[in-house]
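Order of listing sets the numbers, starting from 1, for every ligand and every atom in it.
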Amino acid sequence: MKRIGILTGGGDAPGLNAVIRAAVKTAIYEYGCEVIGIRDGYDGFTDDQGVIPLGIEDVRGLLPRGGTILGAASRGNPYARKVIRDGKEITIDVSEEIIKGIKRLELDALLVLGGDGTLHSAHELYLKGAPVIGVPKTIDNDIGGTETTFGFDTAVTTATEAIDKLHTTAEAHHRVMALELMGRDAGFIALHAGVAGGADVILIPEIPFKLESVVAKVRQRVERGYLFSIIAVSEGAKPVGEEQVFSRPGDEIYVPRLGGIGQVVGKYIEGQGFETRVTVLGHLQRGGTPTPFDRWLATRYGAAAVRLAARGKIDRMVSAAWICAYKIFTQ
Ligand code: F6P
């Protein structure tokens, strides 16, 4: 193995830089192999300034740094790239250019740090000859084949802190506080942060809910003498028989943007006579320094991905399984 490439696709997640650092160190120290960084997801392959060599000095101090030194591109689908041609906006397929780029750079492997969209594209590129290896990244924790993704723990930590803070003000003002959390179609962030923060109601996409049941819980708490309630709402949650709430429709490039269910829930509760406020935590869940757990996981993933590359195991994804957790619950 002489040279590998690394790119970070899709939305960012805390821990991307830690993966890059571990991959570079493993590649150079264990295998004496060169590492090339591809900027802005797959975009770097089609841009003159899109590739940079990564040495040990380039990854110093990266462990605690959020974001990604390589840049990310949420609309980076190689099969539908938006470009301006003759003053008109059109979408084109740049997958062949990416394959050519990989060959031109003589990459023995391309580490793709991404979520479901980026990893799906990676597999498609593999079918065209690209030596890809996946590293599962997303705060949503919604990638099959692994129990956890890096970025998730940091997002849950931020969301739990938000619930803790809402608790004190909710209690002081005898209010209901609804907190809308990210996660797309997966309720893991709301579920984990909701349990960790002691939310009274947790609404997740996997279980459609009844607005009346939410209010019944708030009312029951008041009857028991608890004059405040905390509701953790996943952005993809929806009432039984209704559609998810979107703040922006999708198109060829972008998936539809979820957002607004917190307001729907808050408005309904307020309409039933309980003073309610709604907070949307948004991209705070994606920013900042990764937690120690995410740094640890990202480091293990980065090193493992390079070792997979060295063994020629392409079209694979590194993953984590927590067998001990199963034991705790069954003993
Ligand atoms: O997939 C990660 C995620 O943060 C989702 O939880 C959220 O729905 C989406 O990305 C937001 O995307 P964007 O950064 O494009 O607004």
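Less than 4.0 angstrom separates some heavy atom of E235 from each of these atoms of ligand 1: 5 (C), 6 (O), 7 (C), 8 (O). Residue G183 has at least one heavy-atom neighbour below 4.0 Å for each of these atoms of ligand 1: 6 (O). Those atoms of ligand 1 with a heavy atom of I139 less than 4.0 angstrom away are 4 (O).
The side-chain tip of R221 points at the ring of F228 from less than 6.0 angstrom away and within 45° of straight on.
Looking at atom 9 (C) of ligand 1, its nearest protein heavy atom turns out to be R184 NH2, 3.7 Å. The closest protein non-hydrogen atom to atom 16 (O) of ligand 1 is H283 NE2, 3.1 Å. Here the protein heavy atom with the shortest distance to atom 3 (C) of ligand 1 is R286 NH1, 3.5 Å. In terms of protein heavy-atom proximity, atom 15 (O) of ligand 1 is nearest to S74 OG, 4.2 Å. If you check which protein heavy atom lies closest to atom 6 (O) of ligand 1, you get D140 OD1, 2.7 Å.
Heavy atoms of L258 stay at 4.0 angstrom or farther from ligand 1. The closest approach between any non-hydrogen atom of G115 and ligand 1 is not below 4.0 Å.
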Determine all donor-acceptor pairs shorter than 3.5 Å in which one atom belongs to a side chain in residues 263-272; sequence neighbours excluded.
unit_1	atom_1	unit_2	atom_2	d
E270	OE1	T276	N	2.6

Side-chain donor-acceptor contacts of residues 83-92 below 3.5 Å, not counting sequence neighbours, with atom names and distances?
unit_1	atom_1	unit_2	atom_2	d
T91	OG1	E252	OE2	2.9

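Inclusion of M182 in the set of residues having an N or O under 3.5 Å from an N or O of ligand 1 is not warranted. Checking only distances, R257 never comes within under 3.5 Å of ligand 1, N or O to N or O.
No part of I189 comes within 4.0 Å of ligand 1, judged by heavy-atom distances.
When hydrophobic clusters are built by joining Ile, Leu, Val, Met, Phe, Trp and Tyr residues whose side-chain heavy atoms come closer than 4.5 Å, directly or via intermediates, Y226 is not grouped with V218.
Surrounding CZ of R65 are at most 12 heavy atoms belonging to other residues, nucleotides or ligands under 6.0 Å away.
Using cut-offs of 30° and 60° on the angle between ring planes, the pair H123 and Y126 is parallel.
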Candidate pair K137 and D12, rule salt bridge (charged side-chain N to carboxylate O under 4.0 Å, His left out), full reasoning: CA-CA 8 Å; K137 165 247 53 164; D12 68 335; over 6 Å; no

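S234 contributes no side-chain N or O that, together with a main-chain N or O of A237, makes up a donor-acceptor pair within less than 3.5 Å. Of the possible donor and acceptor atoms, one in the side chain of N17 sits under 3.5 Å from a partner among the backbone N and O of G66.
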